[in-house]
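All chains are named by letter (A, B, ...) in the order of the sequence lines, taking the proteins before the strands, and each is independently numbered beginning at 1. What you see is a predicted model, and the numbers here were worked out from it, not measured in a lab.
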Number of protein chains: 2
Amino acid sequence: MKRPLLDVVAEVLVAQPGASLAEVAEAAGISRTTLHKHYATREELVRAVGVRVTDIWEQAVERVAKEPGTEAGLRQLLAAMIESGPQLTFLWRNPALDADEELTRRYIDVERRCLAVLDRARSRGLLAASATNWWLLQTMYSLVYTAAEAIEAGKLAPLDAPDLVLSTLLHGLGGPIAGAAGDGTPGEADAATATAATTSSPTAS
Amino acid sequence: MKRPLLDVVAEVLVAQPGASLAEVAEAAGISRTTLHKHYATREELVRAVGVRVTDIWEQAVERVAKEPGTEAGLRQLLAAMIESGPQLTFLWRNPALDADEELTRRYIDVERRCLAVLDRARSRGLLAASATNWWLLQTMYSLVYTAAEAIEAGKLAPLDAPDLVLSTLLHGLGGPIAGAAGDGTPGEADAATATAATTSSPTAS
DNA sequence: ATAGTTCTGAACATGACTGTTCCGTCCGGT
DNA sequence: ACCGGACGGAACAGTCATGTTCAGAACTAT
(Lines give C-alpha, C1' and ligand atoms only; values in the text may rest on other atoms or scores of the structure.)
Protein backbone atom coordinates (compact mmCIF):
# COMPACT_ATOMS: atom_id res chain seq x y z
CA MET A 1 0.00 0.00 0.00
CA LYS A 2 2.84 2.38 0.78
CA ARG A 3 4.40 2.65 -2.63
CA PRO A 4 7.56 4.72 -2.70
CA LEU A 5 6.77 8.31 -3.55
CA LEU A 6 9.14 8.40 -6.50
CA ASP A 7 7.35 5.44 -8.03
CA VAL A 8 4.06 7.23 -8.27
CA VAL A 9 5.63 10.51 -9.25
CA ALA A 10 7.55 8.87 -12.06
CA GLU A 11 4.49 7.06 -13.26
CA VAL A 12 2.51 10.27 -13.50
CA LEU A 13 5.25 12.33 -15.10
CA VAL A 14 6.06 9.64 -17.61
CA ALA A 15 2.44 9.43 -18.64
CA GLN A 16 1.93 13.21 -18.67
CA PRO A 17 5.19 15.13 -18.76
CA GLY A 18 3.27 18.38 -18.60
CA ALA A 19 1.33 17.54 -15.46
CA SER A 20 1.27 20.28 -12.87
CA LEU A 21 2.76 19.71 -9.44
CA ALA A 22 -0.71 19.83 -7.99
CA GLU A 23 -1.75 16.93 -10.20
CA VAL A 24 1.37 15.00 -9.34
CA ALA A 25 0.83 15.53 -5.64
CA GLU A 26 -2.78 14.49 -5.86
CA ALA A 27 -1.91 11.36 -7.77
CA ALA A 28 0.65 10.55 -5.10
CA GLY A 29 -1.94 11.10 -2.39
CA ILE A 30 0.00 13.85 -0.66
CA SER A 31 -0.37 17.58 -0.44
CA ARG A 32 1.50 19.87 -2.74
CA THR A 33 3.33 21.32 0.26
CA THR A 34 4.68 17.93 1.19
CA LEU A 35 5.72 17.26 -2.36
CA HIS A 36 7.73 20.45 -2.25
CA LYS A 37 9.43 19.29 0.89
CA HIS A 38 10.66 16.19 -0.88
CA TYR A 39 11.59 17.95 -4.09
CA ALA A 40 12.10 21.65 -3.64
CA THR A 41 11.59 22.61 -7.26
CA ARG A 42 10.05 21.05 -10.31
CA GLU A 43 13.44 20.80 -11.93
CA GLU A 44 14.68 18.76 -9.00
CA LEU A 45 11.71 16.48 -9.28
CA VAL A 46 12.11 15.98 -13.00
CA ARG A 47 15.74 15.19 -12.49
CA ALA A 48 14.89 12.61 -9.82
CA VAL A 49 12.49 10.95 -12.21
CA GLY A 50 15.15 11.10 -14.87
CA VAL A 51 17.58 9.32 -12.61
CA ARG A 52 15.03 6.70 -11.73
CA VAL A 53 14.13 6.11 -15.35
CA THR A 54 17.80 5.79 -16.17
CA ASP A 55 18.09 3.23 -13.37
CA ILE A 56 15.32 1.16 -14.88
CA TRP A 57 16.76 1.46 -18.34
CA GLU A 58 20.19 0.54 -17.02
CA GLN A 59 18.95 -2.51 -15.18
CA ALA A 60 16.96 -3.63 -18.18
CA VAL A 61 20.01 -3.51 -20.39
CA GLU A 62 22.23 -4.98 -17.70
CA ARG A 63 19.89 -7.92 -17.57
CA VAL A 64 20.51 -8.77 -21.20
CA ALA A 65 23.95 -7.27 -21.73
CA LYS A 66 25.58 -10.65 -21.46
CA GLU A 67 23.35 -12.22 -24.02
CA PRO A 68 25.25 -13.49 -27.02
CA GLY A 69 24.67 -11.82 -30.35
CA THR A 70 22.14 -14.37 -31.40
CA GLU A 71 18.64 -13.75 -32.59
CA ALA A 72 17.35 -14.76 -29.18
CA GLY A 73 19.77 -12.36 -27.55
CA LEU A 74 18.58 -9.51 -29.72
CA ARG A 75 15.03 -10.42 -28.96
CA GLN A 76 15.70 -10.14 -25.27
CA LEU A 77 17.29 -6.76 -25.72
CA LEU A 78 14.32 -5.53 -27.69
CA ALA A 79 11.89 -6.96 -25.17
CA ALA A 80 13.68 -5.15 -22.38
CA MET A 81 13.61 -1.90 -24.30
CA ILE A 82 9.97 -2.20 -25.24
CA GLU A 83 9.06 -2.89 -21.68
CA SER A 84 10.64 0.34 -20.52
CA GLY A 85 9.64 2.16 -23.67
CA PRO A 86 7.39 4.86 -22.20
CA GLN A 87 10.01 5.66 -19.62
CA LEU A 88 12.67 6.04 -22.26
CA THR A 89 10.63 8.58 -24.14
CA PHE A 90 10.65 10.61 -20.96
CA LEU A 91 14.42 10.83 -21.30
CA TRP A 92 14.35 11.54 -25.00
CA ARG A 93 11.84 14.33 -24.79
CA ASN A 94 13.32 16.20 -21.87
CA PRO A 95 15.90 18.61 -23.20
CA ALA A 96 16.35 19.81 -19.64
CA LEU A 97 17.89 16.48 -18.73
CA ASP A 98 20.55 16.79 -21.38
CA ALA A 99 22.14 19.43 -19.22
CA ASP A 100 22.71 16.95 -16.43
CA GLU A 101 26.23 15.62 -16.78
CA GLU A 102 25.93 12.47 -14.72
CA LEU A 103 22.71 11.50 -16.41
CA THR A 104 23.99 11.83 -19.95
CA ARG A 105 27.18 10.04 -18.94
CA ARG A 106 25.18 7.11 -17.67
CA TYR A 107 22.91 7.25 -20.67
CA ILE A 108 25.80 7.05 -23.08
CA ASP A 109 27.21 4.23 -21.03
CA VAL A 110 24.02 2.21 -21.30
CA GLU A 111 23.87 2.95 -24.97
CA ARG A 112 27.38 1.57 -25.28
CA ARG A 113 26.21 -1.65 -23.70
CA CYS A 114 23.44 -1.87 -26.24
CA LEU A 115 25.87 -1.32 -29.02
CA ALA A 116 28.05 -4.09 -27.62
CA VAL A 117 25.21 -6.56 -28.02
CA LEU A 118 24.52 -5.25 -31.48
CA ASP A 119 28.16 -5.45 -32.47
CA ARG A 120 28.28 -9.03 -31.32
CA ALA A 121 25.27 -9.72 -33.50
CA ARG A 122 26.93 -7.99 -36.37
CA SER A 123 30.10 -10.00 -36.06
CA ARG A 124 28.00 -13.11 -36.37
CA GLY A 125 26.54 -11.84 -39.59
CA LEU A 126 23.15 -11.34 -38.05
CA LEU A 127 23.28 -7.62 -38.73
CA ALA A 128 24.49 -6.00 -41.91
CA ALA A 129 28.11 -4.92 -41.76
CA SER A 130 27.18 -1.87 -43.78
CA ALA A 131 24.72 -0.55 -41.22
CA THR A 132 26.05 2.40 -39.25
CA ASN A 133 25.99 2.01 -35.50
CA TRP A 134 24.22 5.30 -35.36
CA TRP A 135 21.45 4.44 -37.79
CA LEU A 136 21.10 1.03 -36.23
CA LEU A 137 20.44 2.59 -32.84
CA GLN A 138 18.07 5.16 -34.24
CA THR A 139 16.08 2.57 -36.09
CA MET A 140 15.93 0.35 -33.06
CA TYR A 141 14.80 3.23 -30.87
CA SER A 142 12.11 4.30 -33.26
CA LEU A 143 10.73 0.81 -33.72
CA VAL A 144 10.79 0.21 -29.99
CA TYR A 145 9.07 3.49 -29.37
CA THR A 146 6.42 2.75 -31.93
CA ALA A 147 5.79 -0.67 -30.48
CA ALA A 148 5.62 0.66 -26.94
CA GLU A 149 3.12 3.29 -27.98
CA ALA A 150 1.09 0.71 -29.85
CA ILE A 151 0.97 -1.50 -26.79
CA GLU A 152 -0.16 1.38 -24.65
CA ALA A 153 -2.89 2.10 -27.15
CA GLY A 154 -3.99 -1.50 -26.98
CA LYS A 155 -3.24 -2.07 -30.64
CA LEU A 156 -0.48 -4.56 -30.09
CA ALA A 157 -0.24 -7.48 -27.73
CA PRO A 158 2.77 -7.10 -25.43
CA LEU A 159 3.83 -10.64 -26.17
CA ASP A 160 3.85 -10.10 -29.92
CA ALA A 161 5.82 -6.89 -29.83
CA PRO A 162 9.41 -8.15 -29.47
CA ASP A 163 9.07 -10.62 -32.31
CA LEU A 164 7.41 -8.09 -34.52
CA VAL A 165 10.09 -5.48 -33.89
CA LEU A 166 12.90 -8.00 -34.26
CA SER A 167 11.56 -9.29 -37.53
CA THR A 168 11.05 -5.79 -38.85
CA LEU A 169 14.47 -4.70 -37.71
CA LEU A 170 16.26 -7.64 -39.26
CA HIS A 171 14.31 -8.29 -42.41
CA GLY A 172 12.22 -5.20 -42.93
CA LEU A 173 8.75 -5.41 -44.37
CA GLY A 174 9.86 -6.28 -47.86
CA GLY A 175 8.23 -9.04 -49.83
CA PRO A 176 9.31 -12.66 -49.96
CA ILE A 177 11.66 -11.84 -52.82
CA ALA A 178 14.01 -9.93 -50.58
CA GLY A 179 12.66 -10.49 -47.10
CA ALA A 180 12.66 -14.23 -46.51
CA ALA A 181 15.81 -16.13 -45.69
CA GLY A 182 17.77 -17.76 -48.46
CA ASP A 183 15.92 -21.08 -48.48
CA GLY A 184 12.92 -21.56 -50.68
CA THR A 185 9.46 -22.43 -49.31
CA PRO A 186 8.01 -18.95 -49.79
CA GLY A 187 4.68 -19.95 -48.31
CA GLU A 188 5.52 -19.92 -44.62
CA ALA A 189 6.34 -16.25 -44.12
CA ASP A 190 7.77 -14.84 -40.94
CA ALA A 191 5.08 -15.92 -38.51
CA ALA A 192 5.63 -12.77 -36.48
CA THR A 193 4.88 -10.00 -38.93
CA ALA A 194 1.17 -10.65 -38.82
CA THR A 195 -1.13 -10.91 -35.80
CA ALA A 196 -1.19 -7.27 -34.88
CA ALA A 197 -4.52 -5.52 -34.54
CA THR A 198 -7.83 -6.53 -35.97
CA THR A 199 -9.07 -3.13 -37.02
CA SER A 200 -6.84 -0.87 -39.05
CA SER A 201 -8.38 2.38 -37.72
CA PRO A 202 -5.65 4.71 -38.88
CA THR A 203 -5.92 7.67 -36.58
CA ALA A 204 -3.36 10.33 -35.82
CA SER A 205 -0.95 9.86 -32.95
CA MET B 1 10.21 39.96 -48.35
CA LYS B 2 6.53 39.87 -47.56
CA ARG B 3 6.13 36.22 -46.70
CA PRO B 4 2.58 35.21 -45.85
CA LEU B 5 1.97 35.44 -42.14
CA LEU B 6 0.88 31.85 -41.83
CA ASP B 7 4.16 30.71 -43.35
CA VAL B 8 6.23 32.24 -40.61
CA VAL B 9 3.82 31.30 -37.89
CA ALA B 10 3.79 27.69 -39.02
CA GLU B 11 7.55 27.60 -39.22
CA VAL B 12 7.90 28.83 -35.67
CA LEU B 13 5.21 26.63 -34.19
CA VAL B 14 6.49 23.55 -35.99
CA ALA B 15 9.98 24.16 -34.65
CA GLN B 16 8.80 25.06 -31.15
CA PRO B 17 5.24 23.91 -30.47
CA GLY B 18 5.40 25.49 -27.04
CA ALA B 19 6.40 28.94 -28.21
CA SER B 20 4.44 31.77 -26.62
CA LEU B 21 2.33 34.03 -28.78
CA ALA B 22 4.76 36.83 -28.06
CA GLU B 23 7.57 34.80 -29.54
CA VAL B 24 5.49 33.85 -32.54
CA ALA B 25 4.53 37.46 -33.16
CA GLU B 26 8.09 38.64 -32.84
CA ALA B 27 9.32 35.97 -35.23
CA ALA B 28 6.67 37.09 -37.68
CA GLY B 29 7.74 40.67 -37.29
CA ILE B 30 4.38 41.90 -36.07
CA SER B 31 3.01 42.91 -32.72
CA ARG B 32 1.18 40.51 -30.49
CA THR B 33 -1.91 42.67 -30.83
CA THR B 34 -1.90 42.29 -34.58
CA LEU B 35 -1.38 38.59 -34.29
CA HIS B 36 -4.48 38.41 -32.14
CA LYS B 37 -6.36 40.30 -34.79
CA HIS B 38 -5.55 37.59 -37.32
CA TYR B 39 -6.09 34.68 -34.98
CA ALA B 40 -8.25 35.53 -32.03
CA THR B 41 -7.08 32.72 -29.80
CA ARG B 42 -4.12 30.40 -29.66
CA GLU B 43 -6.35 27.48 -30.43
CA GLU B 44 -7.46 29.16 -33.62
CA LEU B 45 -3.87 29.76 -34.57
CA VAL B 46 -2.81 26.21 -33.90
CA ARG B 47 -5.68 24.97 -35.95
CA ALA B 48 -4.72 27.22 -38.85
CA VAL B 49 -1.21 25.83 -38.74
CA GLY B 50 -2.66 22.35 -38.56
CA VAL B 51 -4.69 22.98 -41.68
CA ARG B 52 -1.69 24.37 -43.48
CA VAL B 53 0.49 21.45 -42.48
CA THR B 54 -2.20 19.09 -43.67
CA ASP B 55 -2.25 20.97 -46.97
CA ILE B 56 1.46 20.44 -47.40
CA TRP B 57 1.23 16.80 -46.44
CA GLU B 58 -1.70 16.34 -48.78
CA GLN B 59 0.07 17.93 -51.71
CA ALA B 60 3.20 15.94 -51.05
CA VAL B 61 1.28 12.68 -51.17
CA GLU B 62 -0.82 13.84 -54.08
CA ARG B 63 2.37 14.42 -56.00
CA VAL B 64 3.37 10.78 -55.73
CA ALA B 65 0.00 9.12 -55.32
CA LYS B 66 -0.02 8.02 -58.93
CA GLU B 67 3.35 6.42 -58.74
CA PRO B 68 3.25 2.73 -59.45
CA GLY B 69 4.07 0.34 -56.66
CA THR B 70 7.65 0.00 -57.74
CA GLU B 71 10.70 0.56 -55.65
CA ALA B 72 11.16 3.95 -57.28
CA GLY B 73 7.56 4.80 -56.49
CA LEU B 74 8.03 3.92 -52.86
CA ARG B 75 11.18 5.93 -52.79
CA GLN B 76 9.30 8.97 -54.01
CA LEU B 77 6.65 8.53 -51.37
CA LEU B 78 9.27 8.29 -48.68
CA ALA B 79 11.13 11.29 -50.01
CA ALA B 80 7.96 13.32 -49.94
CA MET B 81 7.24 12.26 -46.40
CA ILE B 82 10.74 12.94 -45.17
CA GLU B 83 10.66 16.35 -46.71
CA SER B 84 7.57 17.30 -44.74
CA GLY B 85 8.66 15.29 -41.73
CA PRO B 86 8.91 18.05 -39.12
CA GLN B 87 5.53 19.37 -40.13
CA LEU B 88 3.97 15.96 -39.75
CA THR B 89 5.20 15.65 -36.20
CA PHE B 90 3.28 18.82 -35.49
CA LEU B 91 0.12 16.95 -36.39
CA TRP B 92 1.08 13.83 -34.50
CA ARG B 93 1.93 15.60 -31.29
CA ASN B 94 -1.06 17.89 -31.08
CA PRO B 95 -3.85 16.06 -29.33
CA ALA B 96 -5.88 19.24 -29.61
CA LEU B 97 -6.05 18.77 -33.36
CA ASP B 98 -7.57 15.33 -33.04
CA ALA B 99 -10.74 17.05 -31.93
CA ASP B 100 -11.04 18.81 -35.27
CA GLU B 101 -13.33 16.74 -37.45
CA GLU B 102 -12.38 18.09 -40.83
CA LEU B 103 -8.71 17.81 -40.10
CA THR B 104 -8.80 14.18 -39.02
CA ARG B 105 -11.04 13.38 -41.95
CA ARG B 106 -8.52 14.84 -44.35
CA TYR B 107 -5.68 13.18 -42.48
CA ILE B 108 -7.27 9.77 -42.76
CA ASP B 109 -7.92 10.46 -46.41
CA VAL B 110 -4.27 11.22 -47.08
CA GLU B 111 -3.29 8.17 -45.14
CA ARG B 112 -5.56 6.13 -47.37
CA ARG B 113 -3.72 7.44 -50.40
CA CYS B 114 -0.45 6.34 -48.84
CA LEU B 115 -1.86 2.93 -48.21
CA ALA B 116 -2.96 2.74 -51.82
CA VAL B 117 0.62 3.13 -52.96
CA LEU B 118 1.75 0.61 -50.40
CA ASP B 119 -0.93 -1.85 -51.42
CA ARG B 120 0.14 -1.54 -55.01
CA ALA B 121 3.69 -2.32 -53.92
CA ARG B 122 2.45 -5.26 -51.93
CA SER B 123 0.54 -6.71 -54.82
CA ARG B 124 3.76 -6.66 -56.80
CA GLY B 125 5.47 -8.65 -54.10
CA LEU B 126 7.62 -5.74 -53.08
CA LEU B 127 6.12 -5.71 -49.62
CA ALA B 128 5.42 -8.73 -47.47
CA ALA B 129 1.86 -9.94 -47.73
CA SER B 130 1.97 -10.75 -44.04
CA ALA B 131 2.67 -7.19 -42.97
CA THR B 132 -0.34 -5.48 -41.45
CA ASN B 133 -1.32 -2.21 -43.04
CA TRP B 134 -1.26 -0.73 -39.63
CA TRP B 135 2.21 -1.84 -38.68
CA LEU B 136 3.45 -0.96 -42.12
CA LEU B 137 2.27 2.61 -41.70
CA GLN B 138 3.63 2.87 -38.19
CA THR B 139 7.01 1.61 -39.23
CA MET B 140 7.11 3.95 -42.17
CA TYR B 141 6.15 6.90 -40.01
CA SER B 142 8.71 6.14 -37.38
CA LEU B 143 11.52 5.69 -39.87
CA VAL B 144 10.53 8.83 -41.70
CA TYR B 145 10.38 10.73 -38.46
CA THR B 146 13.76 9.46 -37.39
CA ALA B 147 15.30 10.38 -40.72
CA ALA B 148 13.74 13.83 -40.69
CA GLU B 149 15.06 14.47 -37.21
CA ALA B 150 18.49 13.21 -38.22
CA ILE B 151 18.54 15.56 -41.17
CA GLU B 152 17.59 18.47 -38.98
CA ALA B 153 20.40 17.56 -36.62
CA GLY B 154 22.80 17.52 -39.50
CA LYS B 155 23.58 13.86 -39.02
CA LEU B 156 22.13 12.69 -42.28
CA ALA B 157 22.42 14.12 -45.75
CA PRO B 158 18.97 14.93 -47.15
CA LEU B 159 19.83 13.17 -50.38
CA ASP B 160 20.79 9.95 -48.62
CA ALA B 161 17.72 9.79 -46.44
CA PRO B 162 15.12 8.34 -48.83
CA ASP B 163 17.37 5.50 -49.94
CA LEU B 164 18.39 4.75 -46.39
CA VAL B 165 14.81 4.64 -45.18
CA LEU B 166 13.63 2.64 -48.16
CA SER B 167 16.36 0.08 -47.77
CA THR B 168 15.71 -0.23 -44.05
CA LEU B 169 11.98 -0.48 -44.56
CA LEU B 170 12.24 -3.18 -47.21
CA HIS B 171 15.17 -5.24 -46.08
CA GLY B 172 15.79 -4.21 -42.51
CA LEU B 173 19.25 -4.05 -41.08
CA GLY B 174 19.80 -7.78 -41.04
CA GLY B 175 22.99 -9.33 -42.28
CA PRO B 176 23.65 -10.60 -45.79
CA ILE B 177 22.22 -13.98 -44.81
CA ALA B 178 18.73 -12.63 -44.61
CA GLY B 179 18.98 -9.10 -45.89
CA ALA B 180 20.44 -9.33 -49.39
CA ALA B 181 18.28 -10.31 -52.33
CA GLY B 182 18.14 -13.92 -53.45
CA ASP B 183 21.25 -13.83 -55.63
CA GLY B 184 24.64 -14.68 -54.18
CA THR B 185 27.54 -12.22 -54.27
CA PRO B 186 27.43 -11.28 -50.62
CA GLY B 187 30.15 -8.70 -50.99
CA GLU B 188 28.26 -5.88 -52.63
CA ALA B 189 25.83 -4.96 -49.87
CA ASP B 190 23.00 -2.53 -50.30
CA ALA B 191 24.98 0.58 -51.22
CA ALA B 192 22.48 2.70 -49.33
CA THR B 193 22.71 1.42 -45.80
CA ALA B 194 26.08 3.01 -45.21
CA THR B 195 27.15 6.62 -45.80
CA ALA B 196 25.34 8.17 -42.91
CA ALA B 197 27.29 10.16 -40.35
CA THR B 198 30.99 10.02 -39.65
CA THR B 199 30.96 10.29 -35.89
CA SER B 200 28.69 8.05 -33.90
CA SER B 201 28.23 10.55 -31.02
CA PRO B 202 25.35 8.80 -29.31
CA THR B 203 23.57 11.53 -27.44
CA ALA B 204 20.00 11.59 -26.24
CA SER B 205 17.34 12.96 -28.52
C1' DA C 1 1.34 11.56 28.23
C1' DT C 2 4.95 13.98 25.89
C1' DA C 3 8.27 15.44 22.67
C1' DG C 4 9.60 15.38 17.95
C1' DT C 5 8.79 14.52 13.36
C1' DT C 6 5.83 14.62 9.39
C1' DC C 7 2.03 16.10 6.96
C1' DT C 8 -1.76 19.34 5.96
C1' DG C 9 -4.51 23.34 4.63
C1' DA C 10 -4.53 27.94 3.70
C1' DA C 11 -2.65 31.84 2.41
C1' DC C 12 0.50 34.83 -0.10
C1' DA C 13 3.85 36.57 -3.61
C1' DT C 14 5.54 36.04 -8.07
C1' DG C 15 5.87 35.36 -12.77
C1' DA C 16 4.31 33.85 -17.34
C1' DC C 17 0.85 33.59 -20.81
C1' DT C 18 -3.45 34.86 -22.69
C1' DG C 19 -7.11 37.70 -24.25
C1' DT C 20 -8.98 42.41 -24.51
C1' DT C 21 -9.36 47.38 -24.89
C1' DC C 22 -8.11 51.94 -26.28
C1' DC C 23 -5.89 55.22 -28.79
C1' DG C 24 -2.54 56.94 -31.78
C1' DT C 25 0.04 56.22 -36.13
C1' DC C 26 0.99 54.93 -40.67
C1' DC C 27 -0.21 54.18 -45.43
C1' DG C 28 -2.88 53.65 -49.74
C1' DG C 29 -6.65 55.02 -52.40
C1' DT C 30 -9.82 58.68 -53.83
C1' DA D 1 -6.60 66.77 -48.17
C1' DC D 2 -9.43 63.15 -46.52
C1' DC D 3 -10.96 58.56 -45.23
C1' DG D 4 -10.63 53.82 -43.95
C1' DG D 5 -8.24 49.98 -42.81
C1' DA D 6 -4.33 47.82 -40.82
C1' DC D 7 -0.77 48.03 -37.47
C1' DG D 8 1.65 49.27 -33.07
C1' DG D 9 2.24 50.25 -28.20
C1' DA D 10 0.67 50.26 -23.74
C1' DA D 11 -2.04 48.99 -20.32
C1' DC D 12 -5.31 45.91 -17.90
C1' DA D 13 -7.71 41.75 -16.05
C1' DG D 14 -7.86 36.95 -15.61
C1' DT D 15 -5.87 32.55 -15.18
C1' DC D 16 -2.58 29.20 -13.90
C1' DA D 17 1.71 27.09 -12.14
C1' DT D 18 5.30 27.69 -9.02
C1' DG D 19 7.58 28.47 -4.74
C1' DT D 20 7.28 29.96 0.13
C1' DT D 21 5.55 30.55 4.78
C1' DC D 22 3.12 29.32 8.87
C1' DA D 23 0.10 27.51 12.27
C1' DG D 24 -2.08 23.46 13.48
C1' DA D 25 -3.31 18.40 13.06
C1' DA D 26 -1.75 13.63 12.99
C1' DC D 27 1.28 10.33 13.95
C1' DT D 28 5.43 7.83 16.31
C1' DA D 29 8.50 6.57 19.57
C1' DT D 30 9.80 6.75 24.28
Side-chain donor/acceptor of [X] to base of [N], under 3.5 Å:
X	N	value
B:T34	D:dA6	no
A:R32	C:dG9	no
B:K37	D:dG8	yes

Given [options], the nucleotide with the shortest approach to the side chain of [X]:
X	options	answer
B:S31	D:dC22, D:dG19, D:dG8	D:dG8
A:H38	C:dG19, D:dG8, C:dC7	C:dC7
A:H36	D:dT20, C:dG19, D:dA10	D:dT20

Euclidean distance, atom [atom1] of residue [X] to atom [atom2] of [N] [Å, nearest integer]:
X	N	atom1	atom2	answer
B:L35	C:dT21	CG	C1'	17 Å
B:R42	D:dC16	CZ	P	16 Å
B:L13	C:dC17	CG	P	14 Å
B:Y39	D:dA6	OH	C1'	15 Å

Task: Qualifying residues under salt bridge (Lys or Arg N to Asp or Glu O under 4.0 Å), relative to A:E102, sequence neighbours excluded - done: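 Expected list: A:R47.
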
Open item on the list: Nearest heavy atom decides the nucleotide; on that basis, is B:E43 or A:I30 closer to the 5' end of DNA chain C?
Closed with: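 Going by which nucleotide is closer to the 5' end, it is A:I30.
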
- [ ] Please tell me if the side chains of A:R75 and A:V165 come closer than 4.5 Å, counting only heavy atoms from C-beta onward.
- [x]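 The answer is no, as the side chains (C-beta and beyond) never meet within the 4.5 Å cut-off.
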
Task: DNA chain C-proximal residues of residues 17-24 of chain B, any heavy atom under 4.0 Å - done: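 Heavy-atom contacts with DNA chain C come from B:S20, B:L21.
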
- [ ] Looking only at non-hydrogen atoms, find the nearest pair between A:V12 and A:A27 and report the distance.
- [x]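 The pair with the smallest heavy-atom distance is CG2-CB, 3.4 Å.
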
Task: Donor on one side chain, acceptor on other, B:W135 and A:T168, under 3.5 Å - done: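 Side-chain D/A pair, B:W135 to A:T168: present.
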
Open item on the list: Quiz question: by atom type and distance under 3.5 Å, do the side chains of A:S31 and A:T34 form a donor-acceptor pair?
Closed with: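 Checked: A:S31/A:T34 side chains pair up, N/O donor to acceptor below 3.5 Å.
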
- [ ] Output yes when A:R52 and A:D55 qualify as a salt bridge under the 4.0 Å nitrogen-oxygen rule, no when they do not.
- [x]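 Salt bridge between A:R52 and A:D55, a charged N being under 4.0 Å from a carboxylate O: no.
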
TODO: Look at B:E11 together with B:R3 and state whether they make a salt bridge at an N to O cut-off of under 4.0 Å.
DONE: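 Salt bridge present between B:E11 and B:R3.
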
